Colleague: 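Just passing along the structure, written as structure tokens.
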Amino acid sequence: MGILGPAALRSRKRNAPRPAWKVADQYRQWLRGRPCACQGKNSDCGGLIRSAHVDYAGSKGMGTKVADCDCIPLSDNCHRLQHNKGWKWFDLHILGGVSRGLMLAQEYWRAWPGRAGWEREQEARNV
């Protein structure tokens, strides 16, 4: 059986699928084409760009990520640093202020060219 025991052999429990209003794949793809939000602020900035969910944004449920509209572009190195240190530290020491990640997420969301169409689609689903 090994050191880990039978629990290690069971497959991971899958979370429920995220509701449609939280998913904006095209937005996350657009974000990955932006420069890292930490560019010029973190000497270790580098790697592929990822869409990093700002998990204190308020749209998070138990066992789910926040909505995709609450993402910012971070390089692999910056994303890893954010995960290791947490958002509170990352906001203050890298992004430059309290809740700066959330403010940036809102700015990026407003700047996304596909936002109006995505929001119309969501409204049509809710009718």
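What you are looking at is a predicted structure, and each value in this text was computed from that prediction instead of being measured.
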Colleague: Taking Leu31's backbone N and O only, do any of them form a donor-acceptor pair with Trp112's side chain (distance below 3.5 Å, no angle check)?
Modeller: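 Not at all, since once roles are kept as given, no pair shorter than 3.5 Å links the two residues.
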Colleague: Any pair with a residue in residues 101-120 that passes salt bridge (Lys or Arg N to Asp or Glu O under 4.0 Å), sequence neighbours left out, goes on the list, sorted by first then second residue, please.
Modeller: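 Only Arg100-Glu107, Arg115-Glu119 qualify under salt bridge (Lys or Arg N to Asp or Glu O under 4.0 Å).
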Colleague: Counting C-beta onward and ignoring hydrogens, is there a side-chain heavy-atom pair between His83 and Arg80 closer than 4.5 Å?
Modeller: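 No, side chains not in contact.
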Colleague: Which heavy atom of Pro35 sits nearest a heavy atom of Ile49, and at what distance?
Modeller: C-CD1, 4.2 Å
Colleague: Which heavy-atom pair separates Cys38 from Phe90 by the least distance, and what is that distance?
Modeller: SG-CZ, 3.3 Å
Colleague: Quick one, Val66 and Lys22 - any side-chain contact, counting heavy atoms below 4.5 Å?
Modeller: no
Colleague: Over 60° means perpendicular and under 30° means parallel, so classify the ring planes of His93 and Trp89, tilted if in between.
Modeller: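 Parallel.
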Colleague: Restricting to non-hydrogen atoms, name the atom on Ser51 and the atom on His79 that form the minimum distance, rounded to 0.1 Å.
Modeller: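 It is O-CE1, 4.3 Å.
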Colleague: Please give me the minimum heavy-atom distance between Tyr108 and Cys71, naming the atom from each residue.
Modeller: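 Scanning both residues completely, I find the closest heavy atoms to be CB-O, 4.5 Å.
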Colleague: Do Ile72 and Tyr56 share a hydrophobic cluster, counting only Ile, Leu, Val, Met, Phe, Trp and Tyr and linking them when any side-chain heavy atoms are less than 4.5 Å apart?
Modeller: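 Yes; Tyr56 is reachable from Ile72 via cluster members.
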Colleague: Kindly give the heavy-atom pair with the smallest separation between Tyr27 and Cys69, and that separation in Å.
Modeller: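 In terms of heavy atoms, the two residues are closest at CE2-CA, 4.0 Å.
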Colleague: Using the salt bridge (Lys or Arg N to Asp or Glu O under 4.0 Å) rule, collect all pairs that involve residues 29-46, keeping only residues at least two apart or in two chains.
Modeller: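 Sorted result for residues 29-46: empty, none.
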Colleague: Check whether Asp70 reaches the backbone of Val54 with its side chain - one donor and one acceptor, N or O, closer than 3.5 Å.
Modeller: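 Not a single qualifying donor-acceptor pair exists.
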Colleague: Please find the pair of heavy atoms, one from Ser75 and one from Cys36, that lie closest to each other, and give the distance.
Modeller: N-SG, 3.3 Å
Colleague: Determine whether a donor-acceptor pair (N or O, by modelled atom type, separation under 3.5 Å) exists between the side chain of Ser99 and the backbone of Leu102.
Modeller: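 Not confirmed, Ser99 side chain does not pair with Leu102 backbone.
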Colleague: When Ile, Leu, Val, Met, Phe, Trp and Tyr are grouped by side-chain heavy atoms lying under 4.5 Å apart, directly or through other members, which residues fall in the same group as Leu92?
Modeller: Val98
Colleague: Check for me, please, whether Leu74 and Met103 land in the same ILVMFWY cluster - side-chain distances under 4.5 Å, paths through other members count.
Modeller: no
Colleague: Should Leu104 and Leu95 count as side-chain neighbours, where that means a heavy-atom distance under 4.5 Å?
Modeller: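 A side-chain contact under 4.5 Å exists here.
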